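Worksheet for the structure shown next.
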Amino acid sequence: MATNEYEGVLKKIEELTTNAGQIQDEVLGEILSRNAGTEYLRGFLHGQTEKQLFKKNVPIVTYEDLKPYIDRIANGETSDILLAEPITAFFLSSGTSGGQPKMTPVTAQVTKNCELFRRLYESPVIKHFGDINQAGKRMELMFARPEIETPSGLKAASVSTSIYNESNFRTILPKLYTSPIETIFCPDPNQGLYCQLLFGLIQRDEVVTVGSLFASTVLRGVKFLENHWQELCYDIKTGRLSDWITDLGCRNAASLVMKPNPEQADLIENICNCKSWEGIIRKLWPKARYIGCVCTGVMRQYTAELEFYCRGLPLVSAFYACSEAICGINLEPLCKPCDVSYTFLPNMAYFEFIPVENEHDESIEMKRNDEDTELVDLVNVKAGQCYELVVTTCAGLYRYKVGDVLMVSGFYNNAPQFQFVERKNVILSVDQEKTSETDLSKAVTEAKALLDPLGFILTEYTSYVDTSSAPGHYVLFWEIKGKEGKHCKGLDPKIMVECCSKMEESLHYTYKIYRKRNIIAAVEIRVVKQGSFEALMDYYVSKGTSLSQYKKPSCIKSEEALKILDSRVIGKYFSPKLPL
Ligand code: AMP
């Protein structure tokens, strides 16, 4: 983006946020006037297009409600049963946060919105870090998944894969990124990752940003590097690609650029061959200005470890979006991951919000049904209040619950800014109690603090409810790493037992009451071997999840995934006493 172009985009952001209310009404008006005649909306609006009627008659739905329509289109019926604009493809959601991947329609308008969105979220970043597109290249870890063809002949792919397939992206790739297209589309993610790190290291003097879509993938890259840096250095020194890289695309791409470079290999070897890997990203890519990846939501658990590896380089979460809708951008790219807010873009969809009460607030006697709840418009949300996000899009989603809970942190002009709170559906529950992702994360944060002074770090965790014995109990899988080469075998079992107790003490009121009444049994922590969470990621990737869009589930629901972790358990610990 040229300087005057990004300044123009910043002006556009001013306009959009200033006129948020009016733009939202226009967006809804246009969606309704185009689509009122579809089979789906006709059933509720009888051809009418008034906003009030829409709010009164169109139901709030989940993916399951729209799935029959989407499946009909995928099976060959015309797309106008759901939307007037022709469907050109489908986006597949990652599916790791809520079960199966979901298919959402893509239209020409969606593609146009995606292009505009990229310019909108990049402009604040360019304002703060300079024009990275002119300054050098991005070392971005990217992984495409094979497309699926629906019976109707339409293609279905993850959003990221669709982007990597665009001709525009392929044109700019060699100039702006270190990874050749063949490494992004390599069918074996490990070969792709090895080659992307190799290309990133070969071009390290040109790299101005390091990143991936999500923080977990950047960390995966660093850990892979920890295991493979000697081999990578050998390849750079000799100018020959390791034999286990059998993918022809990767080999061809490498043959075009690799030549023996012993000086560069020695420099990298010296950097990697030190005891502590603190600040390793900064040392390996000294011109990098920031690390770009989503660090909010479930990714927050990775920020401490990433900060260790990047030592002082800012972590930039530039946007909040999902396969179903584009939502917001971060106007303060320099702020800490825990403070990141996303300013909603009123031109991307029509947004409504279901107020969310605190699940554990004893004063709330009964939770209201969505039908009884008045949905709040974008410009009418209240600061400090939490809401569940509902979107109506140009692509056939009408009053669709995304499943994310957000908190209003403020306003930019007239557009609200939201902090990501949690996925609505990720909870543990043995009986009537509901433990949200945030509840769990708070308890884990308290408990893991006991490990820090002893030189151990909790690097990954997930959970599930074990009801194989009565009463059921919460199980946490923890992967623990010793600082500076310490082995986690040296960890005192007493500390792990204390961690279990701390977790229980830190959980919410209802949980503790149920524990005392023996409705729930003691929390269990199962410590797993190093690399177990990588095996979990490999499993989901083998099942079709894109490595770029992978989000580790906070709660395991699949039997197979559970087996992967259970087969790697090296110690089991229980809380010995009731929580206070
Ligand atoms: P997908 O359906 O695979 O496109 O994933 C979209 C989901 O990823 C969203 O509904 C959120 O739960 C999560 N997500 C996306 N962007 C962010 C973000 N910036 N912060 C936190 N969570 C995010």
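Remember, it's 1-based here, ligands and their atoms both numbered in the order they're listed. Note that the structure is predicted; figures quoted are calculated from it, not measured.
Within the 4.0 Å heavy-atom shell around ligand 1 one does not find Ser317. A heavy-atom separation below 4.0 Å is found between Asp404 and ligand 1.
Within ligand 1, counting atoms from 1 as listed, the ones closer than 4.0 Å to a heavy atom of Thr296 are 18 (C), 19 (N), 20 (N), 21 (C). Atoms of ligand 1 found under 4.0 Å from any heavy atom of Val294, numbered from 1 in the order shown, are 17 (C), 18 (C), 19 (N), 20 (N). Heavy-atom contacts of Tyr342 reach the following atoms of ligand 1: 18 (C), 19 (N), 20 (N) (cutoff under 4.0 Å). Proximity to Gly297 (heavy-atom distance under 4.0 Å) selects the following atoms of ligand 1: 21 (C). Every atom of ligand 1 with a heavy atom of Ser93 under 4.0 Å away is listed here by number and element: 2 (O), 3 (O).
On a distance-only criterion, Phe319 and ligand 1 share at least one N/O pair closer than 3.5 Å.
At a threshold of 4.5 Å between non-hydrogen side-chain atoms, the residues Ser441 and Thr445 count as touching. Put simply, the side chain of Leu565 reaches to within 4.5 Å of the side chain of Thr462, judged on heavy atoms. In this structure, the side chains of Lys55 and Arg399 come closer than 4.5 Å at one or more pairs of heavy atoms. Under the 4.5 Å side-chain criterion, counting only non-hydrogen atoms from C-beta, Asp377 is in contact with Tyr350.
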Would Ser179 and Gln196 satisfy side-chain contact (heavy atoms from CB on, under 4.5 Å), going step by step from the backbone distance to the final call? CA-CA 5 Å; Ser179 301; Gln196 292 192 36; 3.2 Å; yes
Report, one line per pair, each donor and acceptor closer than 3.5 Å where one atom sits in a side chain of residues 326-339; sequence neighbours left out.
from   : atom 1 : to     : atom 2 : distance (Å)
Asn330 : OD1    : Glu332 : N      : 2.8
Asn330 : ND2    : Ser317 : O      : 2.9

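When Pro337, Ala321, Cys322, Cys295 are ranked by how near their heavy atoms come to atom 15 (C) of ligand 1, first place goes to Ala321. With atom 5 (O) of ligand 1 as the reference point, the heavy atom nearest to it among Glu324, Lys551, Lys424 is part of Lys551.
Contact annotation for Tyr320 and ligand 1: heavy atoms of both the backbone and the side chain come within less than 4.0 Å of the ligand. Under 4.0 Å from ligand 1, not a single heavy atom of Met299 appears.
Panel note: side chain Arg138, backbone Thr209; no donor-acceptor pair is recorded below 3.5 Å.
Within the structure, the salt bridge (charged side-chain N to carboxylate O under 4.0 Å, His left out) test picks out no pair touching residues 410-421 (sequence neighbours left out).
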